Number of protein chains: 4
Amino acid sequence: MSRRAYVHRISAAAPDDVSGIEAAIAAGRIDPKGIVAIFGKTEGNGCVNDFARGFATQSLGLMLQRYMSAEAAHAVCLVMSGGTEGGMSPHWTVFERRDTDETATGAALAIGRTRTPVLPFPALGRVAEVDMVAEGVRAAMADAGIADPADVHFVQIKCPLLTLQRIGQAEAMGGTVATRDTLKSMGLSRAASALGVAVALGEVSRDAITDDRIASDWSLWSGRASCSSGIELLDHEIVVIGTSPAWVGPLTVDHAVMADGIDVEPVRAALRRLGFSADGQLAPAERDRLVALLSKAEASHDGRLRGNRHTMLDDSDISATRHARAFVCGALAGLVGHAEIYVSGGAEHQGPDGGGPVAVIAARA
Amino acid sequence: MSRRAYVHRISAAAPDDVSGIEAAIAAGRIDPKGIVAIFGKTEGNGCVNDFARGFATQSLGLMLQRYMSAEAAHAVCLVMSGGTEGGMSPHWTVFERRDTDETATGAALAIGRTRTPVLPFPALGRVAEVDMVAEGVRAAMADAGIADPADVHFVQIKCPLLTLQRIGQAEAMGGTVATRDTLKSMGLSRAASALGVAVALGEVSRDAITDDRIASDWSLWSGRASCSSGIELLDHEIVVIGTSPAWVGPLTVDHAVMADGIDVEPVRAALRRLGFSADGQLAPAERDRLVALLSKAEASHDGRLRGNRHTMLDDSDISATRHARAFVCGALAGLVGHAEIYVSGGAEHQGPDGGGPVAVIAARA
Amino acid sequence: MSRRAYVHRISAAAPDDVSGIEAAIAAGRIDPKGIVAIFGKTEGNGCVNDFARGFATQSLGLMLQRYMSAEAAHAVCLVMSGGTEGGMSPHWTVFERRDTDETATGAALAIGRTRTPVLPFPALGRVAEVDMVAEGVRAAMADAGIADPADVHFVQIKCPLLTLQRIGQAEAMGGTVATRDTLKSMGLSRAASALGVAVALGEVSRDAITDDRIASDWSLWSGRASCSSGIELLDHEIVVIGTSPAWVGPLTVDHAVMADGIDVEPVRAALRRLGFSADGQLAPAERDRLVALLSKAEASHDGRLRGNRHTMLDDSDISATRHARAFVCGALAGLVGHAEIYVSGGAEHQGPDGGGPVAVIAARA
Amino acid sequence: MSRRAYVHRISAAAPDDVSGIEAAIAAGRIDPKGIVAIFGKTEGNGCVNDFARGFATQSLGLMLQRYMSAEAAHAVCLVMSGGTEGGMSPHWTVFERRDTDETATGAALAIGRTRTPVLPFPALGRVAEVDMVAEGVRAAMADAGIADPADVHFVQIKCPLLTLQRIGQAEAMGGTVATRDTLKSMGLSRAASALGVAVALGEVSRDAITDDRIASDWSLWSGRASCSSGIELLDHEIVVIGTSPAWVGPLTVDHAVMADGIDVEPVRAALRRLGFSADGQLAPAERDRLVALLSKAEASHDGRLRGNRHTMLDDSDISATRHARAFVCGALAGLVGHAEIYVSGGAEHQGPDGGGPVAVIAARA
């Protein structure tokens, strides 16, 4: 008795377009009762007032409830990452797991998930959020049957943000919040969540983290964390992706860390470790084996890319996160040959400043 | 007696920051009297109300007049392409030519330029603009001493646009304009200009072009045209870049056509023809030889990139041209290893739909 | 036996915040079975990729189904107008009607509604849409029991728009569409719908309307039409608001036409006809009687406001519709003393160029 | 021997369109040697990357140098306020003063100006900036011959902002800056400057101001300060507008404080004190006497306008300052009957939270 992971990448025509998932269920490619998580790249601005994420979440929830109880549907981790800038294509990545009689013969893709308790608004962006997330990552690893942090290749977290109303509630109860700038609260929440991953995976010592180093000391980072903040939740949804000898099937995963927004060579190396030739752009014949590319993007805080000035942080018309997603998606799509990839913005403590983690989920050659 | 071309790529800290050019003049690296053109990537939105272009043009003009007569300064082609999205870095590319006693021993980089007459507003985006530009390209080729269209690798054109005031003037004089939508006028002007290049270079037959095929029949295109529209001029500035046996020096140029926004392999092939190894990303040691990368970007009109939906044309917050520049710059920077490259938006008839021409100016190995 | 209209203005904390409506139902202020329409001012960009409208529509539909059958819920006209720029406050306006034994003693507020058939995409923005809407307005008048067009004071229409996918479908079936510019399709659909109202109310002769005058000849307009386009529907939802001697209750309605975006004096005159003093800004004591203010806003097409240049049509960062809503909401809020008002963008043929209709629903003094 | 002030409101067709000013000079309406200040409403985004302000400043400087020495031109205070949202019309307000033999018979409009020293970047947004500005205001009052702070009705200040490069310079020299967020630096600089005015005019005690109350304790404010920040200067330009018995001529000035963005009644009261009837909107016949309307706009920090939620601070696509300018301009234009008015964004400590000062310059009846 073992477990087997399935990963389905499905195009979406709109934030509420779940028809592709339902078609896969109808065709028997997806067994809905095994769905543990759905990642969505949705086409809003990815910032505070991006309601496409909530719309997608509501639509996915309604869809799931057509196949399972409301309670079971609620347990599915729905991680919507807003913003499909440049050529990035809106899509769903459905993570499914099934029990199987197949005998495990080596490590295969393993998936675990959990939800944390509701985060008190004053804890957002502070050490208390780091601790809550670290505990959640450990719970998700246990859910995946992964004991060694080295076998974890990606941790996707959806974390909450502050709105003016939430700040008002916190202050009415005598609390203080880490920031009164709602857009900035998104970054602080991602930052604390990423450090929670780093602590759980042993990448950063818990002792090194204080409130004032969160979203400030960029020398602290995780090479496997990916955090998105959204208005539509108050807790954290955590999905751990790695490999485990207790799982079977053709899928596996590896990861790379980009040092900056155009540092594609580590990703190429990861592809090669997974058996892709990856000379130049992935050839069409190889693209089918590439099931999902998950990555983070951000503008470097010093306003420089390899010594040249960039203008992302000085643009008051377009959020820097939107610039960065478009740009990094271009770099990665130039490597893998298509743009139905998951590039999530705001990579605070997720990879080095200006860079970010990349996970490659692929079928073995 | 022959001519030698110099190309200087110089960073800009702001649209009016000409200090890098003046430093190069002071150091003797640039002889101001030989400057024939300056291309600028400036950090506005690249659309109708982008005054950074005009500001740069005014600042460059004032700078030039510190070294030459107003008349000579006015003859320099100043082509400002607005929009440095993603990691793209604002910079100037200064084209200079000098007479020399060196004996030509083979083809080298050659540069020619011209300005057309003022374009009547009703002609914008129509066949009359195509013809005016085609004649201008021929004049610029003659200025460069290039006889064979096959030796032309890039034609940069700066063309005018319509504003509400200009439309009013045209209509007050009894004329009609091709569009009353000012943003759309930018695309029409680029489209007609690109077809003018295609006619001059023999890529498209003049007979094939009618008013209603301009910015409509995307099967007509030039693989070497790059057109930017701007509010700050009423005529066309044309710069032809190619090779000629009458020129000397270490510089040369080649070009490629991207079939879509992530089609970097033809660019890699051009780099290899110029002696770069270009396995993966250009290694740091090779980057110095790459003097300038000039390219175009646009969103494909069918809303698809290699079969996947993109959302650039449906985004009412960010112009599709801004999305496309960020994305294509990412793809090209992933190839060449830095983002101080010239990616100009709006590639109507400049390369196939969704793709665009790329020129590589490099020193020989 | 007569009918009585109720109008409830209820704040919304987000596009999916229907809690205020449910609280009113729970408190007995709203009887859900009588709800005929809900207008929403939702906080998206009001343009093509505004998914807040769809999110609100889905959320309202789910809420309604908690009180009535799916069929009955579907019959409620949900008209979401995106964009709460400036100080405009997101809110719902719930229109309810009840049968009553009260004897009518004079005209009172009357409400009718209907939905048209699905609009074929090639008909959008053309005379066929005008005719479809005109017929729909007559059906909604009949539903309201209003026989004389002079008793109609506001007609709210929600109409469809084109997306790239819809254009593709139309073209795949051999059809042509009125425009391939998705943002422009919103304007064309509003334009044709407004002319449909004008025809039904006798404001414009049907003979005067041809395809090429739609969204072009601004001398044709309705003083009572208000049209919003949205991605979330394929037909038209039509709500007619007027007065009828067959209805009872304290509510009534009047309307005004603003000649431009700051022409508040006709609105002041309408307020006075309804018994408000309206010297200067409405005093707090008078504001309670003002139940709803419904209006349209647009940038004048000649780029002028009372002789001075405006820049709304030349701004490539912010859609002109967003500028106009913020600005006109400021002018109207300055008059009535609060900004929880309904200002809908894009007033093609809805009032004169640059102006728009305004309806005032109020309780009698 | 006395002085007389002239104020000229002149439309601008673009940020570099100084033709209207030159026409007034040519016609003898303006004597260039008496120009002390030019306020511009320019059509950029009014935020960090708004180069229209710098372009206007450069263009005005070039124009002035055609009539006076470079030194004299440099002494003219050029205060460019970016952002003409909604129907607001780009224009110049030229302040001129002349010596005259007329005998003063009562108070008339008086204008003074000064420039402060260059502000060290670490001082920006801190008490050191407050003190520098307070001293500057006193100097400008002396220049105007105004002894009593009660006779000051408006103080316009142009203050610097931080860019990433400036932050880098400060930090390279061992300094710390008040914020590393460039957009936020604009608000901090305006905030400190406004408190400098409040101190100079006796509205706020110097003792009440500490670094952490700047841009934080909104109970501290000036009812006469108007501050704009811009990338194009490193010091402060200060213009004081008031009345003085030493000046002559038909012009005078009064001011009002709006408590929120739609609080137009205090402005109406000021108009009435100046002899306007101001029942409803200013009638066309009265508008000529209204020479200039100068005001500030901002989104209230609690996200509420008279109890209703606004969304300006949660909009990640449009800066809250742009929303607020469009909205407040609508409210004021609804009152005075045109939109060629000066509404400047970001009113930190300039009037109460969400409101702002308004100055009315008018010819006596």
Side-chain angles (χ1 to χ4, degrees), chain C residues 11-14 43-45 83-91 260-265 267-269 278-281 283-284 287 297 299-300 304-312 314-315 317-319 322-341 354, chain D residues 11-14 43-45 83-91 260-265 267-269 278-281 283-284 287 297 299-300 304-312 314-315 317-319 322-341 354:
Chain C
S11 301
E43 57 202 283
N45 63 22
T84 56
E85 291 80 7
M88 207 189 317
S89 191
H91 67 283
D260 59 36
I262 57 176
D263 186 28
V264 296
E265 294 306 303
V267 186
R268 192 188 308 275
D279 294 329
Q281 193 174 77
R287 284 176 211 154
S300 59
R304 298 264 153 194
L305 174 64
R306 300 194 180 179
N308 294 315
R309 181 172 72 103
H310 67 72
T311 62
M312 296 187 270
D314 278 342
D315 190 337
D317 295 312
I318 300 180
S319 163
R322 303 200 73 182
H323 276 289
R325 278 190 297 266
F327 183 66
V328 172
C329 183
L332 290 172
L335 174 62
V336 301
H338 73 88
E340 197 173 74
I341 58 186
Chain D
S11 302
E43 58 204 281
N45 62 23
T84 56
E85 292 80 8
M88 206 188 317
S89 191
H91 67 284
D260 59 36
I262 58 176
D263 187 29
V264 296
E265 294 306 303
V267 187
R268 191 187 309 274
D279 294 328
Q281 193 174 78
R287 282 176 213 157
S300 59
R304 299 263 152 193
L305 175 63
R306 300 194 180 179
N308 294 315
R309 181 172 71 102
H310 67 70
T311 62
M312 295 186 270
D314 278 342
D315 190 337
D317 295 311
I318 300 180
S319 163
R322 305 200 72 182
H323 277 289
R325 277 191 297 267
F327 183 66
V328 172
C329 184
L332 290 171
L335 174 62
V336 302
H338 72 88
E340 196 173 76
I341 58 186

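So that the names make sense, note that chain A is the first sequence line, chain B the second, and so on, each numbered from 1. As the structure is a prediction and not an experimental result, all values here were calculated from the model.
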Can you tell which of [options] has the highest number of heavy-atom pairs within less than 4.5 Å of chain D?
options	answer
C:His91, C:Arg322, C:His338	C:Arg322
C:Asn45, C:Asp279, C:Asp260, C:Ile318	C:Ile318
C:Ser11, C:Gly280, C:Gly334	C:Gly280
C:Ala339, C:Ala331, C:Gly261	C:Ala331
C:Gln281, C:Glu85, C:His310	C:Gln281

Is [X] close to chain C through its backbone or its side chain, or both, or neither, when contacts mean heavy atoms under 4.5 Å?
X	result
D:Ala324	neither
D:Arg325	neither
D:Glu265	side chain
D:Ala12	backbone
D:Thr84	both

Counterpart residues, side-chain contact (heavy atoms from CB on, under 4.5 Å), relative to D:Arg304 (two or more places apart): A:Gln165, D:Asp302, D:Arg309
Report which part of [X] has an atom under 4.5 Å of a heavy atom belonging to chain D: side chain, backbone, both, or neither.
X	value
C:Asp317	side chain
C:Glu340	both
C:Ala14	backbone
C:Ala299	neither
C:Asp315	side chain

Note, C:Pro90 side chain near D:Thr311 side chain (heavy atom, < 4.5 Å): yes
Side-chain touch C:Glu43/D:Asp314, heavy atoms, less than 4.5 angstrom: no
Closest non-hydrogen atom pair, D:Ala333 against C:Phe327: CB-CZ, 4.2 Å
By side chain to side chain donor-acceptor pair (under 3.5 Å) - contacts of D:Asp263 (at least two apart): none
